Every structure is written in structure tokens, then in C-alpha cells.
Amino acid sequence: MEQPSVFRELAGYLSCVKMDPNVDTWYIDTDLSNQCYTPEYETFKHYMVLPSLLVYALLIPVGLFVNLYRKRTTLNNPSLRMNYGALYNEYRGQVWYWGMVVMLLKLILMFVGSTLFDDLKTKALTIFIIIYIYYLLYSKFQPYERNSLFSTERIALQAYLITIFAALYVEDNILSYITWIVLALVVLLNIVVLALMIWGIFGISFMRKNDYMKRVFKNLKKGPQLDVDFGEDDVKYDANVTVNDDE
């Protein structure tokens with residue numbers, strides 16, 4: 001789905017930066033050739049950017065949620081899975097809506113990242129609070145069908161929160177050795193988490209292949225059959241039958 005990328009591009013027009021700190025002229029962060037706060041910019045923002053953000057951030061997610069809610073009892077329908085399966089395939093039936101929660105989380109993070117460009121500390125604290133709220137909800141509802149996926153993502157969220165906290169902790173620290181120790185621990189933590197995620201991905205891939213091979217061998221044990229069409233009648237020959245020639 002292209003919604004998050006489109007939303008990110010639109011939200012970028014709300015972020016303005018200074019090219020020269022001594023000159024009170026602001027430019028669009030994603031397009032430095034155009035100035036902010038001009039009459040043309042205000043017209044473009046109010047008549048194009050904000051309505052488009054409303055569509056992508058509210059109307060489309062609400063429409064998807066309502067559509068899935070109405071069809072929540074038939075989510076296993078093949079045609080529905082083909083069209084909307086990316087939103088709920090990996091999640092338990094009781095929390096079929098979790099894909100919408102993840103979509104909302106991405107949109108909020110993109111909006112915060114685009115609009116709080118100048119104040120990095122405020123941005124980091126805001127992102128920390130958002131991720132922490134999501135972490136609490138994630139731990140409560142446990143959305144994934146596979147426990148391995150749930151555990152891996154939970155560890156990744158914990159590492160993300162620790163990384164943000166560590167970055168804020170060392171930002172204004174005057175003791176350099178503490179900064180290096182914290183950074184080393186954060187790097188080590190992220191390496192371990194990355195290794196666990198890779199291991200989890202390979203483990204899930206192996207389990208899926210193993211399940212597939214079990215189904216293949218189960219079908220092979222049933223014995224192959226050969227269908228021969230002689231017009232009106234279908235004659236089936238069992239390949240397991242042994243034919244003895246008369247002497």
C-alpha cells in the first residue's frame with residue numbers, strides 16, 4: 001500500500017526550515033526551492049495539503065476499518081484475503097484490526113517526524129511516548145498468531161525505547177566516558193536484537209517450508225492416480241495396483 005509514503009510526502013510540506021540562521025526566511029523542508037509562509041504557500045497548504053492529509057490520514061483508514069468490520073466474520077474468504085489480507089493475515093482472529101493500529105502508528109510517527117523538525121528533544125520524547133503506548137497495547141493484546149513473531153517484535157520495541165532514552169540521556173552529558181559507555185551498550189543491544197530478528201525470520205521461514213513439505217509427503221502417501229478420458233466415461237487407474245502377466 002502506498003498510503004504511508006504519500007502521507008509522508010504531504011506531511012513534509014508542513015515542515016519548514018531556515019537556510020540562514022541570520023535571515024528570517026523559511027523554506028519547505030522537502031523542497032528548498034520554495035519558501036514557507038508566503039501567500040502562495042498558504043493557499044497550497046490550506047487547499048491541497050491539509051485536505052489531502054485528511055483523506056489519507058482519516059478517511060481511507062476509517063473506510064478500511066469499516067469495510068473489514070462489516071466482513072469480520074468472513075475474513076478467511078480467498079477473495080477478501082487477496083484484497084485486504086496484508087492488513088490481517090499475520091494476526092489472530094480476535095485482533096483482526098491490528099493492521100489498522102500499525103497503520104495509524106506509522107502515520108502518527110511520520111506526522112511527528114515531519115512537523116517537529118527543529119526541536120529534536122521534543123521530537124524524541126514525543127516518539128518515545130507514542131512507542132511506549134503502542135508497546136503497552138501490543139503486550140496486552142498479543143496480536144500475532146505465532147509466539148515467535150510476538151516475542152521478536154516485543155524485543156525490538158524494547159530496544160527502540162532504550163535507544164531513544166539513551167540518546168536523550170547522553171545528549172547534554174559533559175562526562176565523555178559515560179557517553180561512550182552508554183553508546184557502546186546501545187550498539188551492542190541493537191546488534192543482539194538484530195541477530196535475534198534475523199534468527200526469527202529464518203526460523204519462521206523454516207517452519208513454513210517444513211509445513212509445506214509435510215503436506216506434500218502426506219499427499220504422496222495417498223498414491224497418485226491417472227485419469228484417462230475415453231469420451232463419456234472416465235476410467236481411473238490406480239498406480240499402486242500390480243498387474244501380473246499370465247504365462
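Everything numeric here is computed off the predicted structure, so don't read it as measured data.
Hydrophobic side-chain contacts under 4.5 Å tie W180 to no other Ile, Leu, Val, Met, Phe, Trp or Tyr residue.
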(request) For the pair F150 and Y138, evaluate ring-ring contact (aromatic ring centres under 6.0 Å, His included) and give the outcome as yes or no after the intermediate values. (result) CA-CA 9 Å; F150 169 74; Y138 178 83; 5.0 Å; yes
(message) Pair L194, N190 - check side-chain contact (heavy atoms from CB on, under 4.5 Å), show working.
(response) CA-CA 6 Å; L194 181 60; N190 282 273; over 6 Å; no
(request) For the pair Y97 and F65, evaluate ring-ring contact (aromatic ring centres under 6.0 Å, His included) and give the outcome as yes or no after the intermediate values. (result) CA-CA 7 Å; Y97 52 82; F65 177 82; 7.1 Å; no
(request) Could you check I127 against K123 for side-chain contact (heavy atoms from CB on, under 4.5 Å), going step by step and ending with a plain yes or no? (result) CA-CA 6 Å; I127 292 176; K123 178 190 291 188; 3.8 Å; yes
(request) Begin from the C-alpha positions of D24 and K18 and carry the test side-chain contact (heavy atoms from CB on, under 4.5 Å) through to its verdict. (result) CA-CA 7 Å; D24 191 24; K18 277 186 176 183; 3.6 Å; yes
(request) Run the numbers on L105 and V101 for side-chain contact (heavy atoms from CB on, under 4.5 Å), then give the verdict. (result) CA-CA 6 Å; L105 173 67; V101 176; 5.7 Å; no
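Environment of CZ in F128: crowded, with over 12 heavy atoms of neighbouring residues, nucleotides or ligands closer than 6.0 Å. Residue Y132 places its OH atom among 12 or fewer non-hydrogen atoms of other residues, nucleotides or ligands, all under 6.0 Å distant. Shown here is D20, whose CG atom has more than 12 heavy atoms of other residues, nucleotides or ligands within 6.0 Å.
Residues L168 and K121 are in side-chain contact: their nearest non-hydrogen atoms beyond the backbone lie under 4.5 Å apart. Under the 4.5 Å side-chain criterion, counting only non-hydrogen atoms from C-beta, L157 is not in contact with S139. Side-chain contact between V193 and Q158 is absent, with no heavy atoms from C-beta onward closer than 4.5 Å. Within the 4.5 Å cutoff, the side chain of M100 has heavy atoms near those of the P61 side chain. Annotation: side chain of I155 is not in contact with side chain of V192 (no heavy-atom distance under 4.5 Å).
Sorted by first then second residue, the salt bridge (Lys or Arg N to Asp or Glu O under 4.0 Å) pairs that include residues 67-85, not counting sequence neighbours, number zero.
Classified by interplanar angle (parallel below 30°, tilted 30° to 60°, perpendicular above 60°), the ring pair Y41/Y37 is perpendicular. Ring geometry for Y134 versus W98: interplanar angle of 30 to 60°, hence tilted.
No single ILVMFWY cluster, assembled from side-chain heavy atoms under 4.5 Å apart, contains both I191 and Y160. Hydrophobic clustering keeps I164 apart from V187 (ILVMFWY residues linked when any side-chain heavy atoms are closer than 4.5 Å, directly or through intermediates). L104 is connected to L53 through a chain of hydrophobic side-chain contacts under 4.5 Å among Ile, Leu, Val, Met, Phe, Trp and Tyr, so both are in one cluster. No continuous path of ILVMFWY side-chain contacts below 4.5 Å connects L68 to M82, so the two sit in separate hydrophobic clusters. Y56 and Y47 are not part of a single hydrophobic cluster, where members link through side-chain heavy atoms under 4.5 Å apart.
Between V186 and A166 the shortest heavy-atom distance is CG2-CB, 3.4 Å. Of all heavy-atom pairs spanning L32 and Y27, the tightest one is O-CD2, 3.2 Å. In this structure, C36 and I28 approach most closely via the heavy-atom pair SG-N, 3.5 Å.
Side-chain contact, Y84 with N67: a donor N or O sits under 3.5 Å from an acceptor N or O. Side-chain contact of Y144 with E90: a donor-acceptor pair under 3.5 Å is absent, judged by distance alone.
In this structure, CZ in F7 is found 11.0 Å from CD1 in I60, a value given to the nearest 0.5 Å. Separating the CD1 atom in I130 from the CD1 atom in I108 is a distance of 6.0 Å, to the nearest 0.5 Å. Rounding to the nearest 0.5 angstrom, the gap separating the CE atom in M110 from the CZ atom in R8 is 4.5 Å. Atom CG of L75 is separated from atom CG of L87 by 10.5 Å, given to the nearest 0.5 angstrom. Note that CG of L189 is 6.0 Å distant from OG1 of T163, once rounded to the nearest 0.5 Å. Interatomic distance, CG of L137 versus CD of Q142, reported as 12.5 Å (0.5 Å rounding).
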